[in-house]
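The block underneath contains the structure these notes are about, expressed in structure tokens.
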Amino acid sequence: MNRKKITEKFALDAILYIIIIYIIGFLTFSAQAQVIQEPAKKEVRKLKKGLHKENIFDKVYKDILKYGTFYVAGEVSNPYQKQSIDYVVRTNPSGNLYDVPVVQDATEYHEFDYRYGFGIRRIARFDYENKEKAYYDGTEKNVALSSPTAAFSGFEYLFHWEKERERGEVFENHRYFLRHTGKNHIVKVESRAEGNVGFQYNSAEVRGRLPIGKKFSISAGVIARTHDQAFGYNPVEIWLNETDEDGYALNPWYTLGFEYGYDDIYYNQTDQLGNEISDWYWIDEDGTIVAHTDLEFRETVFADLMNRYNREQWDLLDAFAEVAPIVGADWYSYTDKAWVHAYANYILPYHKYFKGDEDFSYLNRNNWGLGGLIQDSELEQWDDYQFGLILGWNITSKLGIFVEGEYTKFWDAEIFKSTIGLNIEL
Amino acid sequence: MRLCILILFLIPTLTFAQSYKDGIVVVQYSADFVKANEIDISKLEGADLLRLAMSEHPKIFEKEEIKFLPTVCLYHNRKLILKVESDISLKLPEGSIDKIQKHINKIVKSKF
């Protein structure tokens with residue numbers, strides 16, 4: 001079974017489980033042996049909120065700013081430090097290779113790590129989530145940022161920017177998130193960048209929402225997303241595999257070195273046994289020897305050049321943006337004794353690119369061969385999905401179990417995390 | 001393995017009962033003969049609002065131990081947070097709305 005089939009099977013199983021939960025949830029709704037008769041929907045007079053006259057500033061405060069928190073935060077910590085210390089030997093300052101060498105500490109020491117940033121947030125936590133700290137500093141992770149529906153109706157937002165230094169490298173990160181959840185709609189815009197992993201993602205979605213009872217809702221709409229990567233396109237592989245009519249390589253591997261200013265110089269020598277040895281040694285633009293043989297060059301400098309070439313070619317491409325239909329479902333039930341939050345998002349295989357060169361898009365991920373894009377190849381649609389489950393059950397006052405997990409498959413990226421556990425209070 | 005996962009899903013689900021008291025809910029327990037003494041809970045924000053009439057839901061009144069009419073209760077995830085009862089004149093105390101709103105705000109604030 002190949003990877004695609006395994007993924008599809010896994011997704012189908014997961015969807016099946018979620019459907020079973022929902023069906024059982026519905027069945028229990030009518031099958032519960034309630035001591036009292038619950039008020040039927042039509043019997044209950046649900047009061048409509050009256051229209052109150054209030055000024056615009058009060059309304060803006062109430063709808064947008066109330067419960068929001070502005071924060072500025074910074075932290076400093078020890079840098080990553082290897083447990084062992086590395087040493088190298090240097091030639092004696094006399095210049096004689098056979099004099100006693102100098103032993104030097106070659107361990108890489110980094111300056112301290114830091115992170116500072118600021119933001120404003122108004123993200124409601126679900127009842128099962130605790131506030132991680134007594135304050136906000138921008139490191140919080142909330143389920144509300146990934147589940148289709150929210151723990152609060154109205155505007156929720158997070159605008160966070162930060163700069164950090166990690167192992168001596170400085171990065172900028174941001175997360176901008178804005179969502180408005182109503183009884184019958186979800187509108188969400190998000191932009192995220194993580195400099196240290198080169199992650200950049202933007203999305204916007206609009207969905208109609210249909211609550212079914214108080215705990216369950218389904219939604220459907222459209223989502224626009226961006227991605228930077230040209231999946232399946234490997235420029236250096238194509239470049240190396242270009243051949244002439246006779247099948248000879250047009251771009252022998254070593255010519256990539258010439259492209260980046262390196263040069264090879266032929267030499268031959270005879271060893272003390274009289275054997276003749278010949279090869280090419282490589283120099284950089286300054287004339288410094290970087291490799292003593294072709295093999296050494298290919299295993300060291302050339303490997304970096306390949307990646308550099310690929311990065312440069314990928315950078316020539318614009319970012320991609322596509323739009324597709326999305327459906328989602330969300331089940332949320334909470335009491336102090338037990339809680340379940342299950343959610344799923346499914347992006348249907350009807351993707352339409354509106355930005356970026358479609359030849360290099362994910363629709364052509366399997367259509368690139370050694371000679372480039374295969375002629376007359378068909379565009380291939382795909383499914384993306386995300387689902388999560390948070391479940392807790394305090395079986396007794398001393399015993400509780402919990403399960404938490406989220407799985408996301410977007411393009412070629414699969415991200416998952418899960419936790420399962422048991423708590424026994426002694 | 002599949003069975004284990006299914007059981008994990010099912011057990012808590014089966015223990016749940018759908019309830020009108022899920023979330024933040026304000027219920028005005030009343031009866032037609034004291035309708036004039038009800039307070040206008042539609043002014044409250046941040047909660048689901050319900051009016052239950054004694055003639056239609058006598059068992060609920062019994063279960064919730066409603067002894068005075070009207071009575072307004074604030075629930076959060078089925079837990080009773082506040083119970084405001086009318087006095088001998090069948091009127092709810094003055095400032096009841098503000099008092100309930102204050103408690104609702106407190107609950108909503110705790111989510112952020």
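Just so it is clear: chains get the letters A, B, ... in the order the sequence lines come, proteins before strands, and each one is counted from 1.
Atom NZ of K66(A) has more than 12 heavy atoms from other residues, nucleotides or ligands within 6.0 Å. Atom CD1 of I56(A) has 12 or fewer heavy atoms from other residues, nucleotides or ligands within 6.0 Å. The environment of F416(A) atom CZ is sparse: at most 12 non-hydrogen atoms of other residues, nucleotides or ligands sit within 6.0 angstrom. When the shell of 6.0 Å around CD of E132(A) is examined, it contains more than 12 heavy atoms from other residues, nucleotides or ligands. Within a 6.0 Å sphere centred on NZ of K109(B), other residues, nucleotides and ligands contribute 12 heavy atoms or fewer. Shown here is K133(A), whose NZ atom has more than 12 heavy atoms of other residues, nucleotides or ligands within 6.0 Å.
Neither the backbone nor the side chain of D40(B) comes within contact range of chain A, judged by heavy atoms closer than 4.5 Å. With a 4.5 angstrom heavy-atom cutoff, V27(B) does not touch chain A via any of its atoms. Heavy atoms of N142(A) lying under 4.5 Å from chain B are absent altogether. For a residue to count as touching a neighbouring chain, one of its non-hydrogen atoms must lie under 4.5 Å from one of that chain's; by this rule Y332(A) does not touch chain B. The part of A151(A) that comes within reach of chain B is its backbone (N, CA, C, O), which places non-hydrogen atoms under 4.5 angstrom from that chain.
Taking all atoms of both residues into account, the shortest heavy-atom contact from R125(A) to F112(B) is NH1-O, 3.1 Å. K214(A) and D22(B) make their closest contact through NZ-O, 2.6 Å (heavy atoms, listed as atom of the first residue, atom of the second, distance). In terms of heavy-atom proximity, F152(A) sits nearest to V108(B) at CE1-CG1, 3.8 Å.
At a cut-off of 3.5 Å, with distance as the only test, a side-chain donor of N77(B) or D127(A) sits close to an acceptor on the other residue.
Contact count against chain A (heavy-atom pairs under 4.5 Å) is highest for N105(B) among N105(B), V26(B), I24(B). Between chain B and the options R121(A), E156(A), R122(A), the largest number of non-hydrogen pairs under 4.5 Å is found for R122(A).
Within the 4.5 Å cutoff, no side-chain heavy atoms of T335(A) are placed close to those of K21(B).
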Run the side-chain contact (heavy atoms from CB on, under 4.5 Å) test on E45(B) and K62(A) for me, step by step, so that the C-alpha distance in whole Å, both residues' side-chain angles and the decisive distance to 0.1 Å come before the verdict.
CA-CA 10 Å; E45(B) 292 182 339; K62(A) 207 179 284 177; 3.2 Å; yes
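Side-chain atoms of K111(B) do not come within 3.5 Å of backbone N or O of F126(A) as any donor-acceptor pair.
A salt bridge is absent between D336(A) and R78(B); no separation between the charged side-chain nitrogens and carboxylate oxygens falls under 4.0 Å.
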